[in-house]
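Every chain is numbered from 1, with letters handed out A, B, ... down the list of sequences.
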Amino acid sequence: MPIATETLKDLAKEGLWSRNPALVGLLGLCPLLAVSTNLINGIVMGCVSTMVLTLSAGLISLLKERIAAEVRLPLFMLVLASMVTLADLAMEALIPDLHDIIGLFIPLIVTNCVILGRIEAFAYRQPIRLAMIDSLLMGTGFTWVIALLGALREMLGNGTLLTQADRVFGKMANAWEIHIMDHYPGFLVALQPAGAFILLGLILALRNAIHARLSARTAPKEYEMVRER
Amino acid sequence: MNREWIIRQLSSVDRYLKTLRPAGQMLLFATFGSSLVAIGALLLGPTLKAHQNQRLITALQGLMREATLETGDLGEAQILTPLSSRQHMILYPIRQQGEVMAWLVDTTTDEGYNGNIRLALLAQPDRSVIGVHVISHRETPGIGDFIERSRSAWIRIFEHRQLDATSTSNWAIRKDGGTFDQRTGATVTSRAMVKAVREALESLPDPK
């Protein structure tokens with residue numbers, strides 16, 4: 001049975017914007033703040049989390065009728081932990097240099113509430129394809145936020161973009177590194193947890209401002225109706 | 001012994017069986033999950049091993065450059081029996097013109113806070129440390145990862161320290177009466193590191 005385009009659109013809108021797990025749910029703050037020290041770290045962390053989420057959601061959705069409701073959370077954790085361990089092993093084998101840097105945070109993906117939350121609220125109750133698409137979109141929503149935060153922190157803190165790209169893409173990526181400005185003095189706070197919180201706050205504020213403007217434009221009638229009452 | 005009593009007993013058995021179902025399910029999922037991980041580890045094992053060895057060689061080259069030693073031949077490996085249980089240790093003599101100039105010890109301890117810490121130690125034949133480098137570990141991020149060279153200079157406290165008959169009792173963290181500074185909040189990690197280095201030094205052949 002094909003999935004209706006409307007459903008897809010709704011899922012995409014929710015995952016990427018209106019119910020973005022990082023910006024609206026404020027979930028998964030630990031990896032979001034800890035790993036987003038540069039763009040590449042952010043992208044990789046986002047992608048690995050998305051992969052883990054999608055695979056686990058598929059598996060849970062497949063088995064949902066057989067899972068005893070009273071132990072579903074521990075069972076989710078078991079599936080998640082296996083997936084995360086596999087992802088950790090795969091990263092160590094495929095991108096060992098980057099694994100040296102963010103490898104310690106990979107096991108923490110298990111504790112990312114975006115993942116557990118999405119599995120409990122969606123995958124556990126929906127057919128497999130829908131569950132996986134939703135996970136992919138929610139994961140992408142998380143990824144763009146962590147990548148944006150990483151890019152901002154890297155630019156402010158180091159004055160560069162795409163450092164360490166060679167750790168993922170090999171030697172050819174050495175040339176990708178962009179220096180925004182020569183002799184940038186560096187801004188240490190941006191690289192530290194405090195800077196991460198401040199920048200995330202600014203991103204949140206910007207997102208809310210845009211969202212308010214957008215919803216005021218698309219739904220003026222509803223607002224009027226509310227006022228009449 | 002009437003019928004009611006029997007029914008009551010049967011229904012309680014049924015209740016017990018019902019509580020067993022989730023337990024069985026957890027067992028099943030745990031088995032399934034660990035099999036997945038085991039298969040993954042088997043498939044990726046050789047690649048992981050190659051990476052780790054590469055890291056050992058990189059660590060050694062770094063240590064030798066710091067000590068201004070020429071890179072020797074790593075081919076001649078001497079596998080010793082472990083000193084304490086479940087400890088794996090490989091000794092590599094580093095020769096210059098046939099003379100052993102230094103020893104590289106590749107050792108792993110499981111006494112850290114979380115999983116194995118694998119480290120490379122470069123030492124003079126008289127059991128004084130040239131340098132220590134952590135190859136892999138899974139200590140807590142932000143607390144136990146100070147043992148990495150890239151994060152903290154703590155690991156340099158081993159440099160130039162010697163293990164001989166008079167200094168054996170010094171080879172412990174201050175908390176245990178030794179002379180090595182532990183990291184506050186990471187006593188277990190510090191203790192494991194000092195012990196691992198001491199045991200690696202003890203495993204070297206007696207100095208002439």
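- How far CE of A:Met77 is from CZ of B:Phe29: 14.0 Å, rounded to the nearest 0.5 Å.
- Using a 4.5 Å cut-off between heavy atoms, B:Glu139 touches chain A through its backbone atoms (N, CA, C, O) alone.
- The minimum heavy-atom distance between A:Ser82 and B:Gly33, with the atom names listed, is OG-CA, 3.1 Å.
- Within the 4.5 Å cutoff, side-chain heavy atoms of B:Arg138 are placed close to those of A:Asp88.
- Here B:Arg55 does not pair with A:Asp97 in a salt bridge; the nearest charged N to carboxylate O distance is not below 4.0 Å.
- The side-chain heavy atoms of A:Glu92 and B:Leu44, taken from C-beta on, include no pair separated by under 4.5 Å.
- Heavy-atom distances place the side chain of A:Leu78, and not its backbone, under 4.5 Å from chain B.
- Contact detail for B:Leu36 and A:Leu86: the closest heavy-atom pair is O-CD2, 3.6 Å.
- Contacts of B:Asn114 with chain A are absent, with no heavy-atom separation under 4.5 Å from either backbone or side chain.
- Here the CD-CG distance, from B:Gln25 to A:Leu63, works out to 9.0 Å after rounding to the nearest 0.5 Å.
- Only the side chain of B:Arg21 comes within less than 4.5 Å of a heavy atom of chain A; its backbone N, CA, C and O stay farther away.
- Every pair tested for ring pair (Phe, Tyr, Trp, His ring centres under 6.0 Å) that includes a residue from residues 19-64 of chain A fails, sequence neighbours excluded, so the list is empty.
- Interface check for chain B: of the options A:Leu59, A:Leu75, A:Thr85, the most heavy-atom pairs under 4.5 Å are formed by A:Leu75.
- One finds the CG atom of A:Leu89 at 10.0 Å from the CG atom of B:Leu43 (value rounded to the nearest 0.5 Å).
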